[in-house]
Amino acid sequence: MSIWEYANPVRFMRLSDRVLPWLAALSAILMLVALVWGFFFTPDDYRQGSTVKIIFIHVPSAMIAINAWVMMLIASLIWLVRRHHVSALAAKAAAPVGAVMTMIALVTGAVWGEPMWGTWWAWDPRLTSFLILFLFYLGYIALWAAIDNPDTAADLTSVLAIVGSVFAVLSRYAALIWNQGLHQGASLSMDRAEHVADVFYYPLVTAIIAFILLFVTLVILRTRTEIRARRLRALLAREARE
Amino acid sequence: MNAIELAPYRDAAPLEVRDLACRRGERLILEGVSFTVSPGRALILRAPNGAGKTTLLRAIARLTPPVRGTVSLSPERMTWFGHADGVKAQLTVAENLRFWAAVHGMQDITPALEAFRLADLADRPAAYLSAGQRRRLGLARLLVARRPVWLLDEPTVSLDAATVATFAGVVGAHLAAGGLALIATHIPLGLAEEDVLDVTPFRARESAEHAHDPFLDAGFATARDGREEVSR
Amino acid sequence: MMALLRRDLALALRSGGGFGLSLAFFLIVVVFVPFGVGPDTGVLARIAPGVLWIAALLSCLLSLDRIFQLDWEDGSLDALALAPLPLEGVVAMKALAHWLTTGLPLTVIAPLLGVLLNLPGAAAPWIFLSLLVGTPALSLLGAFGAALTVGIRRGGLLLSLLVMPLYIPTLIFGALTASRAGDGLDFFTPFALLGGVTLLAAALIPFAAAAAIRINLR
Amino acid sequence: MMPDLGKYAVWVLSAYGAALVLIAALVIQSIWRDRKMARMLAEVEMRSVRQDGDRG
């Protein structure tokens, strides 16, 4: 059996029904562990004081914000090429999650920025890029909502996701050139010793895994909702015909 | 009435439709549609509204890609005329027609104007045409496109009897030149070369609709109780 | 293709709606800025390039929904889809017609309106050139948004929401070119990138927009 | 129990608070919508099963 079998809505519903409770429990536990660890059991940073604790929300949500868009792009491409309905609906399901993650990254960034930089909002390239990403999410969600025929909506939003990705990347570089920012460099890299001390590194990795699990859980849940909505629509249309 | 004569179409070929299945929106409307129209013949599509005449024509034109089946001729040999006539009110009659002629690589629009009795109105802005004149201008596009296959969706709606006769004459000339036409209409054109196809029998069966739409799959009913199934 | 361009130009000029309207809107936005920020010429001079760019961008948005909507409603788009022109060419020509009737006139009067904002003399030619190079991208991206929303009734607001994020790189590079020129700084990098964005849009958008139209015609 | 957050307590707490509220809202909305959709679907599903029976 190939992996594409799960792209069949019925199979997806069956499998996700079995997996979802475990996934939800695991992500809830891990999220609790990560945030409790990060909030209660990490020391203050010698420069940033206790504000460094915000990193355990800020960095994971920012990573999800970007990767949710990447996932939507990939799911859209799969839909355009292979016409798997679950793929299109998963892209639709991920958009609000990505948008909320972007908002969390922006809000925590602003709250962190105020004591550190002395301002809630700086038009720093990174913050600006996330704001732009947020606008892209809004447009994508609005286009899904505006089109009545779900297959047409899936096609058009996929095209938008492709073109949007190109211009989102362009905007990122435009923002870089436009303003060389205050923002510190990447907090996490392959060569971790250079950036973050171990006391922060392990809870941060835990938090990132927890956010990834939360994202996967929510996307599966919301995809199930979308599949049900499609099923409902199809049944009602059939009734109307009889 | 048969004063119009069209230059014969080159390499006339029959339009063969085999086992076509077409959809409108998410829904499968027609399946198993097969027929052949030879050059020089017109096929009248007959069916109640909503049965899928427009859907079938759009599928043959590949505007809506068919779900299944084959159409022997490529859309490059077809021209389409639907409910909306594509006439621009701000342009004159001649400008409207000259545009479509240029798009199709044609120069001379006089025969088309004459065929539809529009020659006197050539310089009038389309905004000042009567509904019937406007419709005739829309139909005149068929002649400047010079395509052997005409797909016509209710072309005679809102035409008076005289104009229907004019139009029937033009279609007759088109057929005489080796063209062919598919016409969805309620009003008989009274062409000598017409066959009638009732679309109703091709309505998609429920089982086919279910096979087409994965969200109508019967498996869903059990998927609801997925856990039960696992325990079994 | 030229026939299509000629027709769209004739339609835009004769219907009066799009052409004059976006110029008037441009003028109004520029005039309103001093009312909002105050008459201090120093402040106005500093923000002038950005204001002119934003005003041009907003004026461009006004007429976008007309690019495909009318042809969609009257069935011309169905006929064009079957015509011997590739739909990608149709998109490119329609974007060009939109630019000739919107972007180009805006570009021409922008340096004149710059006078109202006390635009530095050194920046005036670069406002003109940056708009000249950048506004085609606005028309192209607008055509893409119009193609996406052509099947939606009252899609105008949605169209703006979809298109404006795509305008960000053009806006940033365009305004940066003009303002850096005004300050006597190096403006070659943003100017080159502005041209790059336009070229990218010209290469990518006709295909994306044609795909969107085909999807909408189904 | 509460760690000493020093002078930045307000900021840290509000960042955590805002993030948790947003996440909770998203989770609750997702669950609520799924439940609602499942309920509506079950209703229609029952109806169509009954109709299928009539037809059979």
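The chains referred to below are lettered A, B, ... by the order of the sequence lines, with proteins before strands, and numbering in each begins at 1.
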- Task: Provide the closest heavy-atom pair for A:Gly139 versus C:Leu162 in the form atom of the first, atom of the second, distance.
- Result: O-CD2, 3.2 Å
- Based on non-hydrogen pairs under 4.5 Å, which of C:Leu204, C:Leu200, C:Ile172 is most in contact with chain A? C:Ile172
- Nearest heavy-atom pair of C:Ile152 and A:Ile147: which atoms, and what distance? CD1-CG1, 3.8 Å
- Message: Working to the nearest 0.5 angstrom, can you tell me the gap between A:Ile177 CD1 and C:Leu176 CG?
- Response: 8.0 Å
Show me the donor-acceptor pairs under 3.5 Å between chain A and chain C.
residue  : atom : partner  : partner atom : Å
A:Asp155 : OD2  : C:Arg218 : NH1          : 3.2
A:Asp155 : OD2  : C:Arg218 : NH2          : 2.6

- Message: For a quick test of reading the model, state the closest non-hydrogen atom pair linking A:Phe167 to C:Ala201 and the distance between them.
- Response: CZ-CB, 4.4 Å
- Item | Under 4.5 Å from a heavy atom of chain A, the part of C:Leu171 involved | neither
- Reported CD1-to-CG distance for the pair C:Ile213 and A:Leu156, which is rounded to 0.5 angstrom: 10.5 Å
- Item | Shortest non-hydrogen contact between C:Pro165 and A:Leu135, atoms and distance | CG-CB, 3.9 Å
- Message: Please identify, among A:Ile162, A:Leu138, A:Leu160, the residue contributing the most non-hydrogen atom pairs under 4.5 Å to chain C.
- Response: A:Leu160
- Query: Can you name the nearest heavy-atom pair linking C:Leu158 to A:Ala142, along with the distance?
  - Reply: CD1-CB, 3.4 Å
